[in-house]
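Structure record follows, encoded as structure tokens.
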Amino acid sequence: MSIISVRDLVVEYDGRRVLDGLTLDIEQGETMVLLGGSGSGKSTLLRHIIGLERPRSGSISMKGIDITRCSQAELKLVRRSIGVAFQSAALFNSLSVEDNVALPLREHTSLAPSIIDLMVWMKLAVVGLAEFGKLHPQELSGGMKKRAAVARALALDPEILVFDEPSAGLDPIVAAELDELILLLKQAFQMTVIVVTHELPSAFRIADRIAMLYKGSFLAVGTKDEIKASEDPRIRQFIDRVPGTTAQTRTVEASFEKYMQSQEINP
Amino acid sequence: MATLTESVGKATIKHLDYVGGLSLQLWAAVRALGEALPFTGNRYRWKATVRQMLQIGVDALPMVGLMAVCAGFILAMQGAAELRRVGAVHFVIDLVAIGFTRELGPLLTAIAVSGRSGSAFSAEIGTMMVTEEVDALRVMAFEPVEFVLVPKYLAALIAVPCLSIVSNVCGILAGGIFMFFSTHLSLRLYLHDVLTAIQLPDVFSGLIKSLAFATVIVHVGCLEGFRVRGGPDAVGRSTTSAVVKSTFLVIVTDVVFTAIFYLTGSH
């Protein structure tokens, strides 16, 4: 049985359909990359998978529990098995890096302080930040912040690890390091990993399977080789980095003419 | 005509939505208030509560004290100017003593706290919304209301009445100083007269009001913060509207409570 299954997920904001009947299964232990351009709905899908928002219709079950309909207590329980590294890292600025990682351990377990210290050190060591625990988030570089966020996501040894745009705002070298970290974590802890990204090199490096989103629906879901070999023009456009038409002279001209016409009607 | 009804309807729904949000938040906070109590609750919440008490209460002492002294002088001078004409300068003592314990002490304190702390709450929570920290709390199975709001609420429930008492004392002392210089009434005699003028229900009604004011300030400030969507400009707007709305609602609450005390005859 798949660890996460999304069924006919429909999401609307102010009557505008953002996700249009998505169905997706994510198997235990695989790395699923949700790939898509800006506004494709990939972040919205992610927010629903981690239970931050409730959809208009459809269901999302995680380890057999439907998180769109379950009680708050059940949702809390499910959340204990998910670790999320947010796009902006979302570290608590008032706490040191150590305390950020220690927070879920202190509050959700009854472990002795010395054990928690040891576990925090281990998590920070895994992401290569063992010496930086005493610093505050604002003293870290962008890449270090993201790694600290990964350490915090790992704190409770989750079964599912989720990354929102891990390489956004990072230079290619640091972004590649983060890809290697994701691969290492998956290998070391046998986790199910979900990554939302628009970076192709990163997606092809880490993915077992890729789900390609376009305007709220899946264009294709398959292994990276299947995606690479796809003949669908919209997938090809994304992979081959063909620019859209919004900035072409013809499009600009057309919208200008439309504007002029509307001015003539309402002088 | 349709647009008029439409806009009236929209505004009504918006206000109902706000009041509903406020009530739901208040209910959630009251239910979780036990978590922040010392000994029986979560010790991290109590620690946060103590920190908040320092920020809301201790840090505001000089400002609240000075405001009360100024208001005490104002009330005494204005009162004396009128009462002297009917040869009743002595009643300035009653005016200041009762005016402060019942009304001015709690009200001035509430206005100071709403400007200092109400804005700080909305800015803090608003920033946490923008930087995804609130989302991070939720996926880490923390309830943002319990984690962020409840310590502030408990701290305000303790600190605001204490500040009100300080404000009462400062205002009444200012009245005494005025009386000493204008009528050579000794401070000892003044205090004796003050104590005969004030009755216990006066003090209680003032303290009950200050509890209500604390509730309004914390909940409006935090709700404005939680409703922040977008970027830094939204945080700025929420801070402004936190101060404006909480000051307004403090005055409205004051009218309601004063009317209740007046009608039930406890004054």
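We name chains A, B, ... by the order of the sequence lines, and we start the count at 1 in each one. Computed from heavy atoms alone, side chains included, the values below leave out hydrogens, waters and symmetry copies. Since this is a predicted model, take the numbers as computed values, not measurements.
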Query - A:Tyr13 atom OH, over 12 foreign heavy atoms within 6.0 Å - result: yes

Report task. Would you indicate whether A:Trp121, at its atom CH2, is surrounded by more than 12 heavy atoms from other residues, nucleotides or ligands within a distance under 6.0 Å? Result -> no

Query - Side-chain donor or acceptor of A:Arg80 paired with backbone N/O of B:Ala141 under 3.5 Å - result: no

Query raised in the report: Taking everything shown except A:Lys215 itself, do over 12 heavy atoms lie less than 6.0 Å from its NZ?
Result: no

Query raised in the report: Looking at A:His108 and B:Met140, what are the two nearest heavy atoms and their distance?
Result: NE2-O, 2.7 Å

Query raised in the report: Is the shortest side-chain N to carboxylate O distance from A:Glu107 to B:Arg45 below 4.0 Å?
Result: yes

**Report entry** Region of A:Gln87 that comes under 4.5 Å of a non-hydrogen atom in chain B
**Finding:** both

Report task. Apply the side-chain contact (heavy atoms from CB on, under 4.5 Å) test between B:Arg138 and each candidate in A:Leu75, A:Val84, A:Leu52, A:Ile50; give the one that qualifies. Result -> A:Leu52

Query - Heavy atoms of other groups near A:Arg56 CZ, more than 12 under 6.0 Å - result: no

Report task. For residues B:Tyr44 and A:Leu103, determine if any side-chain heavy atom of one lies less than 4.5 Å from a side-chain heavy atom of the other. Result -> no

Query raised in the report: Between A:Phe86 and B:Ala136, what is the shortest heavy-atom contact and its length?
Result: CE1-CA, 3.4 Å

Query - Rounded distance [0.5 Å steps], CG in A:Asn100 versus CD in B:Glu133 - result: 8.0 Å

Query - Distance, nearest 0.5 Å, that separates CG of A:Asn93 from OG1 of B:Thr127 - result: 9.0 Å

Requested in this report: Quick one: pull up CG in B:Asn42 and CZ in A:Arg106 and give me the separation to the nearest 0.5 Å.
Outcome: 12.0 Å

**Report entry** Whether B:Glu132 side chain and A:Ser88 backbone form a donor-acceptor pair below 3.5 Å
**Finding:** yes

